[in-house]
Amino acid sequence: MYEQVSHSLLNQILEEIKPEISKRNLLRFYTRLGANFYAIHSLFTQLYGERKDFLEQMVRLVEVLATRYIERSADLEALDIEREHDHNWFLAQNWVAMALYADGFAGDLQGLQHRCAYLQELGINMLHIMPMMKCPEGASDGGYAVCDFLDIDARYGTLSDLQTLTAHLRKRKMLVALDVVVNHTSDQHEWAVKAKQGDKQYQDYYYTFPDRDIPDMFEETMPEVFPENAPGNFTFDTSMNRWVMTVFNNYQWDLDYSNPAVFIEMADIILFWANMGADIVRLDAVAFLWKKIGTTCQNEREAHLILQLMKDCCQVTAPGVLFIAEAIVAPVEISKYFGEDAVIAKECEIAYNASFMALLWDAVATKNTKLLSQGIKSIPNKLDRATWLNYIRCHDDIGLGFDDADIINVGYEPYPHRKFLIDYYTGVYEGSPARGQPFARNDKTGDARISGSLASLVGLEYALESNDEELIEQSIKLILLLHSIIMSFGGIPLLYYGDEIGTVNDCSFMQDENKANDNRWLNRPRIDWQKADLHKQHGSVEQKLFDSLQRMIAVRKSVPVFADFNNRELIDTDNEHLFIFIRNHFNQQYEPVLVVCNFDNRPQMLNLSELGNRGLFELGQLRDLATGESPALFKDQLVIPPYRYYWLTVQP
Ligand code: GLC
């Protein structure tokens, strides 16, 4: 949109900009800046329009965007241009991601490069490397307490190792996602250190207060994220003699985005990592970016404005780079991080589908899919040009964040139902083979979340220990069933390292005083490569899982209707053990695929006539794409064995 006020401001900025920028020929930069400037200016005005130094701050922002653009390599710029032409590229079915810690997976970045062949063999082509920016020795919340945003922690290697790795991956058409912890810094970050020394400029980067007046007002409505380890949302800093907002751990200081200097620093940092070769930047804890007294300080409107502004800025300098929103909040809130009232993503192109993940775990424990189906209906439709990250496990706990209304709607009661799930996954419930642990139990609210690896939560750890062959087979089937859903549902499947070989809980964290009080470390394993190599040994658990997943990934990549174009329809039937949906292609060019999943430990039947006039499945011979075989039918009833999934098409 052309708008005179923005345009004349842009001209004024260009006159004031540093000569080392203004003298250069930056044609592409200026066309993008022109195209995005109206939005950047409006958002900057909404957030910071009242400030006397508004123009100065805007000049500084444009200088940052230009400086990072000048620094961007020719390789990366070529990718930017390619992706501008093919802007739906990330919705295709060929992407399959894995999240991993470089040290846990392979020692360090060089080790990770060495292990790329293993990932490629499995079919992974998108790597989310968990945070590796410089952190203090000791507790660092798994890398989420950063003390230098522009350097790699020596534990993982060097910046040059990372650049070598990203170039290596680029050649193999593999993408890299890197974390940027936008909401807070470590209390040992240079900004915090200066704040502690009394430097007012840096105290203004954080929320600090001389007494408890304002903190107490905040506390009235702010929930606690880590009620056991870090109760309350403020920490008293003795050197500064002030209270500082610390929503997560007491050593993680929340940044104050009402200060434009903070926004500009973070834009600079994000673009720095984009230039290091990140194709995707995972923005951590985005729901928390704006704090307001009288609210939960989550999902505030300004948090969305900040993300929109960040996206517009990134579009000017590194338009090929995507954002992932890590917002583990209520189902109706999550999809807002794509940006509302738009067709293309205005904030983050990708968001964690945390609601879907939790619902899958509900279906496993109950062997019933009614809450899963109901919960999915409550997740708002995504925008056309945005997509979900569908996952089963990650490095964090599982929060049972489904909607109470949905729980009631399907006939459960919220409190006892959540209690059942916690008891089930922590093995307290009689007959449960799960080996999880409760995380962040809150005695005030009765809430808890769940830690534990996928294999341990589905019963594989218990089955292996008790040498129960039947339970081992059942756990393997469950692991595959869950993966079959994230691979076919629409969105990018995000596997978690170690799950491809059934890695059980890692209890070694108990020996480390900096980790012992945080049982999320159960599911942040160090891969034992001798054990991992068993995936080559026929008949081993590792081989059964690895080979099946490898095949599943290869099939996913070959099925065009698995691309994410809002081309999914859920199918309700009378059988509550089954989860069924159909994937169509938006232009009918490709055969639809019917996905049928049985969450029960007994065989189930599906009347094909229940599929209504989608009944093309009655016509021909059905074929399961996953195995290449025809499934068993009794008259027009499809038989689905326990914990089995089908990806069905009609045999031509
Ligand atoms: C995100 C991370 C989590 C971390 C938190 C605070 O939720 O996934 O591991 O503890 O942010 O940084």
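No experiment lies behind these values; they were computed from the predicted model shown. As the structure lists them, so they are numbered: ligands from 1, and atoms in each ligand from 1.
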Partner of Trp243 under ring pair (Phe, Tyr, Trp, His ring centres under 6.0 Å), chosen from Phe234, Phe209, Phe236: Phe236
Pairs touching residues 484-503 that satisfy ring-ring contact (aromatic ring centres under 6.0 Å, His included), sequence neighbours left out: Phe356-Phe489, Phe489-Phe581
Neighbouring residues of ligand 1, heavy-atom cut-off under 4.0 Å: Asp141, Tyr144, His184, Phe226, Phe248, Gln252, Arg282, Asp284, Glu326, His395, Asp396, Arg520, Arg524
Residues that Gln188 engages under side-chain contact (heavy atoms from CB on, under 4.5 Å), provided they are two or more places apart: Pro136, Cys147, Ser186
Non-hydrogen side-chain atoms of Phe105 and Leu119 separated by less than 4.5 Å: yes
Among Asn505, Asn519, Asp396, Thr426, the one residue meeting side chain to side chain donor-acceptor pair (under 3.5 Å) with Ser451: Asn519
Partner residues of Glu228 under the salt bridge (charged side-chain N to carboxylate O under 4.0 Å, His left out) criterion, sequence neighbours left out: none
